[in-house]
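Okay, so here's the structure we're looking at.
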2 protein chains.
Amino acid sequence: MARPTVHDIAREAGVSLATVDRVLNARPGVRAQTVSRVREAVERLGYVRDTYAANLARQRHYRFAFVLPDGPNQFLDTFRAALREAAEAQAADRLSARIEAVPAHDPHAVVRMLNGLPLSRLDGVAIMTPETPQVRDAVGRLKAEGIPVVALVSDLPNSPRDHFVGINSFQAGRTAGVLMGRFIRSDAARILAVTNSMQARDSIERRLGFDQVMAEDFPGMAVLPSIESHDDPERMARIVEEAFRSTPDIAGVYSMGPGNVPLLETLRRIGRARDLVVVAHELTPTTRAALLNREVDAVINQNVGHLVRSALRVLRAKCDGAEIFEAQERIRIDIVLRENLP
Amino acid sequence: MARPTVHDIAREAGVSLATVDRVLNARPGVRAQTVSRVREAVERLGYVRDTYAANLARQRHYRFAFVLPDGPNQFLDTFRAALREAAEAQAADRLSARIEAVPAHDPHAVVRMLNGLPLSRLDGVAIMTPETPQVRDAVGRLKAEGIPVVALVSDLPNSPRDHFVGINSFQAGRTAGVLMGRFIRSDAARILAVTNSMQARDSIERRLGFDQVMAEDFPGMAVLPSIESHDDPERMARIVEEAFRSTPDIAGVYSMGPGNVPLLETLRRIGRARDLVVVAHELTPTTRAALLNREVDAVINQNVGHLVRSALRVLRAKCDGAEIFEAQERIRIDIVLRENLP
DNA sequence: TTGTAGGCGTTATCAC
DNA sequence: GTGATAACGCCTACAA
């Protein structure tokens, strides 16, 4: 009636505990015949290993490093908060997650950080950074040392990372596009696309998806060339004002990157904050407030809690050599409107 | 450097293991002074209980029953599949979840089931059923026996259930409403609202939310009185055809309940499947296919995986007398379009 | 190739 | 009130 243990298997198979353990953990030094005797007993009794006991005996612990860009960014703030919270909640489960901050926009700093990680006291690494050849190599070195690596939010597709935790930017852009097209109540319209930098692959892919939907489903609408703030609020104000001056019939704004604070301020200043359809990415205090006061119409979001928990689960699974449960790890593209704001 | 254990606490506080355990588990029979000595040691060393070891020593296991309506329903099918999957994945963590099927639309059967549950072999119950006074009493009896109870998908707000796992139907209706209003490209339109039964509280609340948004934000649109299929496909066909005959200028259909298969078949038959804005609830094989072929424009969804995992986590927490992590347990109202289909 | 004995960190059952 | 001591189920030296 009660769950069978290794003792039951041992008795059933007529061998000792150690032999059962060797078979269960696929260790060498057991005769093929004995192996199958044990396997049969496992099968017959319906044995499932007790992970609590196993982890206890193994003295297993998971020490992870999260290499994240530093600097002021509301998305990153909420992400870091979610990570700290999750790490704290799982401390009792022998998990620790350190945040390793790296100056944003400094690819060399990321590489230095990755190469300087204390490999002997580390069981996995999560990295949020744009891909460069040097980053790729650094990931390769970590993998060569046997350390699991996951890419976070921004994929490193040409590196040997084990897994990507995040959403497909192209699909996210398509989702933004269809909302823009359907929310604008006229068939012909001009749309302004804004980001910090079109160097970032995220922005490129989002724009690609956005344009694709526009071309397919809203042929009367035209998306203007992307304007770039380079993370400079004053530049943002200038280029947005300029765009509205030279193209007054803009009906929608697609904010592909960060910088929603200066963007919305500028729209407010020029008196266009309420009559436009605005679609932005990432739910932050700013976009949340803007949804509530109807300055932003839709936010395309990736839930930071999910990102964090998924990264932790995947790293754990990779450490244990366990399968990951794909369906659970797929990060959804959330559409957040004023009405379904969490 | 390594994590402190109860042994370290005992040494630090100058007491024995047993005393430390008594303090940690708030058991009686320890002098107040000794208690604070131990507490201080815990504080000083930063001790956190190892859940693996604790669960092992306690021989803790979690046996849950899920009381679910039987009968053909795509949402329930996906829900049951998700439950089986989650239960299997957590079998190694000493969790078992049985599904107790109950004839749908038979309140007495639910009550009989609840009253007949083997209380001595049960650590928690999740219930998906409409609220009736008898159900309320049955939940009361379970609680009186000390068994944690969660309501699933459909809340039992007047019962002493510990927690509700699901979404707010009113908000879900508002979300459907705003999508309908914004997706219809004219300012004046008639909208057909369909469900199986307006007896169900879910449908009532969804309709309420839907109407509220319509009145507030789309004053030119009119929602027709809800039509009810009573779970009869032929009746569904008849009433929908009739509605379109008597009101040909319908521009949108809001499907509040189950029955999307006969609804879509009927729309197809009368040649209206592609020119309407259709908003439905719950992502199922039918609504998924309809999103892909553009017969349905938006689906309001509650992720079954989340529902299941949340219910399991909450029941576990209640068994352990632990706090639940609210943010993680809030089920989101997912908006699913063709573009962000998972 | 197989078995024995002890330990992982916590809890529970005894004595004192 | 308090303290030894033996589980819990699994893993791992080391011995045979």
Inset, instruction - Kindly indicate, with the supporting measurements, whether the criterion side chain to side chain donor-acceptor pair (under 3.5 Å) is fulfilled by Y52(B) and D93(B). - result: CA-CA 10 Å; Y52(B) 291 131; D93(B) 298 352; over 6 Å; no
Nearest to the [X] side chain among [options], which nucleotide is it?
{"X": "L56(B)", "options": "dT11(C), dT2(C), dG9(C)", "value": "dG9(C)"}
{"X": "S16(A)", "options": "dT11(C), dT4(C), dG9(D)", "value": "dT4(C)"}
{"X": "V15(B)", "options": "dT11(C), dG3(D), dT2(D)", "value": "dG3(D)"}
{"X": "V30(A)", "options": "dG9(D), dT2(C), dG9(C)", "value": "dT2(C)"}
{"X": "A18(A)", "options": "dG9(C), dA13(D), dT2(C)", "value": "dA13(D)"}
{"X": "D50(A)", "options": "dG9(D), dT10(C), dC11(D)", "value": "dG9(D)"}
{"X": "R49(B)", "options": "dC10(D), dT11(C), dG9(D)", "value": "dT11(C)"}

What's the [atom1]-[atom2] distance between [X] and [N], to the nearest Å?
{"X": "Q59(B)", "N": "dT10(C)", "atom1": "CD", "atom2": "P", "answer": "17 Å"}
{"X": "R60(B)", "N": "dA12(C)", "atom1": "CZ", "atom2": "C1'", "answer": "15 Å"}
{"X": "R94(B)", "N": "dC8(D)", "atom1": "CZ", "atom2": "P", "answer": "11 Å"}
{"X": "D93(A)", "N": "dG9(C)", "atom1": "CG", "atom2": "P", "answer": "15 Å"}
{"X": "Q33(B)", "N": "dG1(D)", "atom1": "CD", "atom2": "C1'", "answer": "12 Å"}
{"X": "D21(A)", "N": "dG7(C)", "atom1": "CG", "atom2": "P", "answer": "18 Å"}
{"X": "Y47(B)", "N": "dT11(C)", "atom1": "OH", "atom2": "C1'", "answer": "10 Å"}
{"X": "Y52(A)", "N": "dC11(D)", "atom1": "OH", "atom2": "P", "answer": "16 Å"}

Inset, instruction - Determine the contact category for N25(B): base if any of its heavy atoms lies under 4.0 Å from a base atom, sugar-phosphate if only primed atoms, P, OP1 or OP2 are that close, otherwise nothing. - result: sugar-phosphate
Legend entry - Side-chain donor or acceptor of E131(B) paired with backbone N/O of N158(B) under 3.5 Å: yes
Legend entry - Residue mapping more 5' on DNA chain D - nearest nucleotide basis, T34(B) or V48(A): T34(B)
Inset, instruction - Would you kindly check whether a donor in the side chain of R22(A) faces an acceptor in the base of dG3(C), or vice versa, at under 3.5 angstrom? - result: yes
Inset, instruction - Could you verify whether a donor N or O on one side chain and an acceptor N or O on the other, from N73(A) and D77(A), lie under 3.5 Å apart? - result: no
Legend entry - Phosphate-side-chain proximity, R58(B) and dA7(D), N/O vs OP1/OP2 below 4.0 Å: no
Legend entry - Check against side chain to side chain donor-acceptor pair (under 3.5 Å), R141(B) and N115(B): CA-CA 8 Å; R141(B) 274 190 290 278; N115(B) 289 335; 3.0 Å; yes
Legend entry - SB check D155(A) R161(A) (cutoff 4.0 Å): yes
